[in-house]
There are 2 protein chains.
Amino acid sequence: MTSDRPRPTSSPTISEVAAAAGVGRATVARSLGGYGSVSEPTRAHVLAVAARLGYRANSLARSMTTGVTKTLGVVLADIANPFFAGVLRGLSDTAKQEGYDLLVLSTDEKLAEEQAAVGLLLDKQVDGLVIASAATAGDDLSHLLAARERNTPLVLIDRLVSGFDADSVVINNREAAREAVTTMIAAGHTRIGFVWGPVTVQPAEDLGTMRSVIAGALWSDGERLSGYLDALLEAGIEFDTSLVTHVLKTEGQAARAVSGMLALAQPPTAFFTTETDATVGTLRALRTRGLRYPDDVSLLGFDDTPWAAVMDPPLTMVAQPMQEVGARAAEIVTGRIKGDDSDVVHDVLDARLVQRHSVQHRAARVLPL
Amino acid sequence: MTSDRPRPTSSPTISEVAAAAGVGRATVARSLGGYGSVSEPTRAHVLAVAARLGYRANSLARSMTTGVTKTLGVVLADIANPFFAGVLRGLSDTAKQEGYDLLVLSTDEKLAEEQAAVGLLLDKQVDGLVIASAATAGDDLSHLLAARERNTPLVLIDRLVSGFDADSVVINNREAAREAVTTMIAAGHTRIGFVWGPVTVQPAEDLGTMRSVIAGALWSDGERLSGYLDALLEAGIEFDTSLVTHVLKTEGQAARAVSGMLALAQPPTAFFTTETDATVGTLRALRTRGLRYPDDVSLLGFDDTPWAAVMDPPLTMVAQPMQEVGARAAEIVTGRIKGDDSDVVHDVLDARLVQRHSVQHRAARVLPL
DNA sequence: CTATCGTCTGATACCGGTATCAACTTTGAT
DNA sequence: ATCAAAGTTGATACCGGTATCAGACGATAG
């Protein structure tokens, strides 16, 4: 079944073209590369022969001498996640425009995978890196430092990494979350469930421990939770740790956690979800408990997807400019490759609260009682 | 602002390690590569020196001599499309397991982009290709033939290409569509809208022209439409060309086309949608017309996403094994690279009809009248 | 008729690995 | 003590490009 299939037949090389055209290798290189000087007749002849032979340059060999691969390394948590898929799309479009290809690796949020990925990409001599890092405070950052030491431009996306200052493109997570939660508070909600809080073995005991948990969490997660706390604090609402999940980030776990909160003596009247799957899990929990939004429970969450607008009723969501994150990151990294050595840039793109109808004024239900 | 930033500082080379260790290049290569024979003391010494210097092999140089890049080229229509994102995830996971990285390019369904992409990937000496081709009957297939001529294994995914027989992994689109439409017919529907039909400047005039349009359409599109026709034919329902869209494949166009159908003298009582965005567009049209499913109109469509299950009511959908498509494609292509020269494989994965509640029995509305 | 400049061209070093080969060392047997 | 075999090592060709350099040739000027 398996046997020695001929090795990929490489297309003709410069030497072969040279031989076929009866000229030296250098002349072919000059004709093709368009540098140096070649007499018009020979150039035309060489070009014709090259075309006839179907000559295509070997990018590997070229990169070998030029030191440029025209390839960008991209490290993401999960390509199938709509957010990252959108980011990748923006990255891809802009990179292509600039003449770069993308080598894409996913890490599933595991630091070890991220380190291996960066090593691999560096070994493959990528010209630049775009990373949504899984690193949190205190983690080993040697892979990022290695990139820096090699002088390979690197842009962080979606998450900042504490202890590593680099170009970055992120969302104003904290402010967006604060605004979103404030909206719910303004609608009269005081018990607001937060899905997904940072993953911990057991729930945080109080605000103090929660703050320290945040400090050790993934940046974007911490920021969103901080925004939630900001809104609560601002409104003088006491923080209840039992309203923040600490489970693994899967749709099923979200559903279970939400279900648990709904069984509380004083259940939440609204939920703030930080990701698409958290939203779906929350909706699922509502469904299995026979509850409806926005009448029984209000809903507001991150990542506006096409579906959100056609739900019944449509969901109020925080829309992240996903493609723009990717596009900006690509711009920055290609700029650095070109030699832009201006100060470190920290782009913060605004998420937009899309008001629809999943948040209901609490009075509507409180009064009738 | 832009200036001469030092070229990426390449990490130490084998020569440098050799010099630092006071041995020859070959000895270092042997120690690192683990081939040939090296005395234990020197090997240990070399390894230590290499580690101290932080030596990392340059994959480019290695690929240069070995002719192997451990990289797969992936050509998709649109990475942000949930279907392709899922496929890519499967592809990525399996490829990683086999030790391959992915160079990903998207074409937006444009043949010219596809040709350029394949050329680029071949130039970069990828070991294998996975392509969701945009080519339809009569198109220039030279890029695919070029891959074959170079002996670079290639697997087609999601779409077959007429006139080019190669390993492929696709879904049983026709049968899945037939089954889905039959479900609706069984529920008493006879006028079923089809969103998205093949893109044409004007609607097909009759079944005959529709058949020829199908022959020139993207394979998967044609198959789904054929499955729709099969179901109609089987049930003895006359085909009405005005129930098949011929618009560009955007959510907005879908919404407009569906809206148009609903304004027909005899509007459809059900819709079959072939893609996520077609489903969303259809839902949007319903919403703007103040109609509800499944009471006013039944719905059934391709691509089960997490959202579909939490819609109210939940949508009956055709679930494609997206990740599996990617995983299988990766298996096949890496197998070919390893030398598997068995017969061409044509994998057909089954889509699964997930029964939920967006298709209602027509009698429920007909009787009360 | 020779000097000088410019154009055109081939030869060649180089990138950083892999892999072959020949030479040298060590060991053990005769 | 001599020699063969095994073990170890360095030198080197090669992959397919890029880029430099110097030589060959032609034309123009003195």
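Residue numbers begin at 1 in each chain, while the letters A, B, ... track the order of the sequences.
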How many whole angstroms separate atom [atom1] of [X] from atom [atom2] of [N]?
X         : N       : atom1 : atom2 : value
Tyr55(B)  : dT18(C) : OH    : C1'   : 11 Å
His45(A)  : dT9(C)  : NE2   : C1'   : 15 Å
Lys70(B)  : dG17(C) : NZ    : P     : 19 Å
Arg25(A)  : dC8(C)  : CZ    : P     : 22 Å
Ile14(B)  : dG10(D) : CD1   : C1'   : 14 Å
Leu60(A)  : dG16(D) : CG    : P     : 11 Å
Lys124(B) : dG17(D) : NZ    : C1'   : 15 Å
Leu32(B)  : dA19(C) : CG    : C1'   : 15 Å

The side chain of [X] lies closest to which of these nucleotides: [options]?
X        : options                   : answer
Ala26(A) : dT20(D), dG17(C), dG17(D) : dT20(D)
Asn58(A) : dG17(D), dT20(C), dT9(C)  : dG17(D)
Arg30(A) : dG10(C), dG10(D), dG17(C) : dG10(C)
Ser37(B) : dG16(C), dT9(D), dT9(C)   : dT9(D)
Met64(B) : dG17(C), dG16(D), dT9(C)  : dG16(D)

**OP:** Identify whether any heavy atom of Ser39(A) sits under 4.0 Å from a base atom; if not, whether one sits that close to sugar-phosphate; answer base, sugar-phosphate or nothing.
**Re:**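 Sugar-phosphate only.
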**OP:** Using a heavy-atom cut-off of under 4.0 Å over every strand shown, decide if Thr42(A) touches base, sugar-phosphate, or nothing.
**Re:**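 Contact class for Thr42(A): sugar-phosphate only.
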Can you check whether [X] reaches [Y] side chain to side chain, under 4.5 Å on heavy atoms?
X         : Y         : answer
Lys124(A) : Asp101(B) : yes
Leu145(A) : Phe164(A) : yes
Val38(A)  : Val46(A)  : no

Subject >> Electrostatic pair Asp108(A):Arg89(B) at N-O distance under 4.0 angstrom >> reply: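 Counted as a salt bridge, because a side-chain N and a carboxylate O are separated by less than 4.0 Å.
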Original post:
salt bridge (charged side-chain N to carboxylate O under 4.0 Å, His left out) with Glu331(B): which residues, sequence neighbours excluded?
Top reply: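 Counting only residues at least two positions away or on another chain, Glu331(B) forms a salt bridge (charged side-chain N to carboxylate O under 4.0 Å, His left out) with Arg328(B).
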